[in-house]
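Order of the sequence lines sets the chain letters (A, B, ...), proteins ahead of strands, with each chain counted from 1.
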Amino acid sequence: MLGILKSMGMTARACFRKPVTIEYPTTHREIPNRDRAFPILIWDDEHDEPFCTGCHACERACPVECMTVVMKDNPKHAAGESKRRKIIDEFWIDYGRCMRCNICVEVCNFEAIGMNNTWAGHELSRYDRSELVMDLDQLLSQSKKHLVEPGLRA
Amino acid sequence: MTARAKGTSSVVVEQDAPEIVDIPINMGPQHPSTHGVFRMVLVVSGEKVLDVTPHIGYMHRGGEKLMEAMDFRQGIGYADRTEYLAQFSAELGYVLAVERLMEIEVPERAQYVRVILTELNRLSSHFMFMGAFGIDSGLFGTSFTYAFREREYLQDVFEEVSGDRLMYAYFRVGGLAWEVTDNFVERVHDVMKTSAKGIQDLDDLLTRNEIFMARCQNIGSFSAQQAIANGLSGPILRASGVPWDLRKDEPYSIYERFRFEVPVGHYGDVYDRYLVRLEEMRQSLAIIEQALEGLPEGPIVPDKMPRRLRTPPGEVYAKVESPRGEWGVYLVSKGGDKPYRMKMRSPSFCNLSALREMTIGQYLADAVMILGSMDIVLCDVDR
Amino acid sequence: MSIELLAAPLIDLPQRWMAALLAIIALTLVMTFAVMFATYYERKVVARMQQRLGPMRTGPYGIMQAFADTVKLVAKEDLRPATADPVAFELAVFAIFVPAFIALVAVPFTEDWIISPMPLSLLFLLAVSGLSFIGFLMAGWGSDSKYALLGGMRAAAQLISYEIPLILAMIGIVMVTSSVNVGDIIIFQDKVPLIVWQPLGFLIFLTASVAELERQPFDIPTGESEVAGGVFIEYSGIRWSMFQLTSYVNMYVFALLGAFVFLGGWEWPFGRDIGWGYQLFLTLAKMSLFIVFYLWSRTSFPRLRVDQLMSYAWKVLIPFALLQIFLNGLVLVYDLPDIVLLITSGAAALAMVALVYRAVRVTPRVPLKMVSNTMPARSVV
Ligand code: SF4
Ligand code: SF4
């Protein structure tokens with residue numbers, strides 16, 4: 001009986017504590033700088049092109065093989081505007097397969113890829129799986145608009 | 001009751017009227033209290049359980065085989081996904097195996113951070129147990145919300161350090177993936193305070209509650225001999241009175257440096273398992289306290305780490321004390337950057353094998369409690 | 001009565017019938033809204049006890065949640081398993097639903113707000129609220145599901161077992177007040193509510209009523225984690241919502257009964273002559289106390305097991321209820337002062353608590369052993 005009263009006391013005490021709920025879609029919890037949502041490509045403002053040279057290192061290291069990289073000769077290099085001889089032509093990441101392991105970020109030698117650390121990177125529900133295959137424009141769009149500054153680089 | 005039950009699915013009771021039939025009941029794979037996609041076929045006579053047949057494998061993804069196609073960095077993510085409530089323990093077991101094979105000396109700081117995170121993870125896993133167990137015992141979600149409140153705080157810390165709330169992928173062969181955050185020590189201190197409060201809340205809510213005691217005591221009892229014969233490990237084994245904790249008995253990482261006590265039960269029933277876990281949480285707090293005091297500065301990976309991890313040929317078995325028991329990784333390498341054979345000894349699977357013996361002869365409601373007291377992770381069972 | 005005047009021109013039925021019909025319709029509507037409120041209130045209170053917010057999305061602070069739920073439940077497909085017994089399955093709902101509402105006929109909300117004043121209203125209330133187990137059995141059998149059958153059997157066993165201590169506790173009350181009319185019992189308590197004279201009876205009533213309502217810790221027939229909803233498992237949509245509606249109406253009925261019989265209803269502490277407004281307020285306030293207790297127990301207690309449930313009813317509650325009757329009889333026969341009632345009943349209540357306390361801790365358990373050096377473990381192996 002005493003234990004029962006103790007239990008009831010516990011719930012009564014909890015009644016007067018502040019609820020811990022965060023009403024998710026209307027309020028967003030602040031997410032830490034290191035948050036790893038999904039990989040995105042980073043835009044090089046100086047040269048007005050992506051950092052990515054299409055070196056395939058991330059593609060090879062990805063455990064679930066969700067990336068597809070196509071490389072091309074950099075036209076800007078020919079014009080003398082950029083030091084990158086090769087540049088990314090096409091880039092797909094299948095977010096439906098990606099296991100967000102950060103390995104692609106770790107292997108990239110050009111700091112061209114980073115993990116999205118904003119809520120936009122998490123709220124990716126789609127009606128069709130095929131819409132989760134992100135192409136180069138989609139991968140670059142957030143960095144281009146300076147919406148993301150990936151924090152984690154190992 | 002129990003004598004006629006062996007190996008039968010539907011039995012006509014002879015001594016009673018012939019039309020009384022023991023009915024098989026299909027519990028799961030979609031049942032609120034099977035903790036995942038697990039199915040057990042219970043043969044009941046009224047409320048008494050005469051026979052249990054567990055069916056596993058609904059979540060089998062061939063994780064071990066997958067990991068054989070992965071190099072040693074890629075495999076860490078899969079270790080997470082196998083044991084998704086004690087991810088750091090799983091990662092630790094995996095990297096320990098590789099480190100032993102490659103004979104890598106892990107820097108001090110990395111060791112300490114590993115211990116802190118693994119113990120915090122033990123807290124969060126046991127919180128999960130407390131919450132789910134409360135629901136199994138029929139509490140209307142109160143223990144669950146209290147436990148999950150604390151779990152969320154713990155996950156906040158994990159997220160700040162590793163970047164993810166669930167699949168941390170933070171330990172690496174040789175050390176850690178990256179340095180911890182600057183305010184790591186304060187954050188861990190904060191979360192230890194809230195966790196201690198959360199443990200006290202759950203203690204107040206459940207431990208001395210007469211109904212809870214009446215429900216838990218003297219069901220699913222296992223003697224020390226039975227527990228050992230069934231190959232149990234972890235809190236279930238200790239509740240049966242066997243003081244066996246890998247952190248003490250075969251210290252890995254740097255566990256031999258910490259002073260802590262191992263709670264050992266006397267009756268081996270569901271209530272003792274609950275108590276052992278509750279006490280283990282307090283001991284984990286003590287370990288974290290000591291580890292935080294001793295946390296040295298320094299590198300987090302050895303200086304001469306090869307860029308590509310290649311193991312020499314050989315085999316190794318590394319085991320850690322995960323919140324569920326002995327989590328072992330058996331690794332065979334023929335040289336190269338991938339394991340030749342990889343086998344996980346998952347505590348959930350081994351403990352689950354005792355379910356039948358524990359449940360037969362108990363009430364239907366107790367079957368739920370006994371399964372809950374095992375604290376299985378179905379992904380870990382099926383791999 | 002104004003209702004009768006209203007009814008008279010409508011149709012050429014006896015006014016009495018028409019008035020009763022209107023009153024019942026009004027009551028059903030009022031109760032439906034009361035239940036809607038109760039679900040909202042329950043969700044909010046339970047949420048606070050669990051440090052959550054509860055429903056927040058529908059309307060400000062989620063006040064429209066109950067309406068949203070209703071719309072959703074009504075719009076849902078009403079499924080019947082192909083192998084179910086159509087008659088039992090479909091009628092079970094009504095076998096539970098109707099008695100719960102009929103019970104309200106005899107409830108005196110204020111001194112003269114009562115649909116049908118009857119001299120044996122306490123008996124009527126108890127008798128009618130005891131009918132619902134038939135519905136549970138029908139639902140359990142008719143669903144053709146093993147879980148539903150288990151749930152139905154559990155419900156029947158539980159409801160019948162706990163009916164007995166409930167009625168025995170009420171017999172104690174009837175002995176003290178020498179009336180079977182709820183109105184008279186309320187009037188009897190003009191100075192002191194009966195909870196003071198009958199603490200043991202109150203305890204028994206409280207536990208038995210929780211069991212009759214199938215709420216925690218006695219929600220065994222519907223136990224979510226064991227039989228996954230019990231008899232409700234095959235029901236959906238409007239039928240399922242009628243079950244829920246019934247269980248909340250029952251909660252109101254028992255809360256009202258407790259408020260009338262043990263807390264003095266609208267009589268205590270201000271007397272009868274305070275007008276119906278205050279009377280209604282008193283009734284509702286006392287009813288809320290019971291409802292809060294029901295919600296509170298829901299968040300705090302695990303569920304009992306079937307055998308424990310049964311032994312608690314037959315080995316604890318019923319003997320003590322008989323003891324209460326015996327004590328009351330002693331006091332009545334020898335015409336002892338009322339205070340003796342309090343002392344004996346209180347002592348018996350304490351004895352019951354102590355008994356339960358001891359029963360759980362039959363043998364003192366060996367506490368956990370804390371081992372700091374586990375090495376000797378190898379010898380066990
Ligand atoms: S995060 Fe991991 S899984 Fe995702 S794309 Fe990068 S390497 Fe592949
Ligand atoms: S993201 Fe980095 S690693 Fe991947 S292709 Fe581009 S440059 Fe290479």
Please check if the side chain of C/Gln51 supplies one atom and the backbone of A/Arg17 the other of a donor-acceptor pair under 3.5 Å. no
Does a side-chain heavy-atom distance below 4.5 Å link C/Arg57 with A/Glu23? yes
Quick one: does any side-chain atom of A/Thr21 pair with a main-chain N or O of C/Leu53 as donor and acceptor, under 3.5 Å? yes
Checking A/Asp48 now: which residues fulfil side-chain hydrogen bond (donor to acceptor under 3.5 Å, both in side chains) with it, not counting sequence neighbours? A/Trp43
Validation row: A/Phe16, C/Met49 side chains within 4.5 angstrom (heavy atoms): no
Looking only at heavy atoms, the pair that brings A/Ser7 and C/Ser300 closest together is CB-O, 3.8 Å
Flag yes if more than 12 heavy atoms outside A/Arg85 fall under 6.0 Å of its CZ atom; otherwise flag no. no
Is any side-chain heavy atom of C/Arg52 closer than 4.5 Å to a side-chain heavy atom of A/Pro19? no
Working to the nearest 0.5 Å, report the span between CZ of C/Phe301 and CD1 of A/Ile4. 5.0 Å
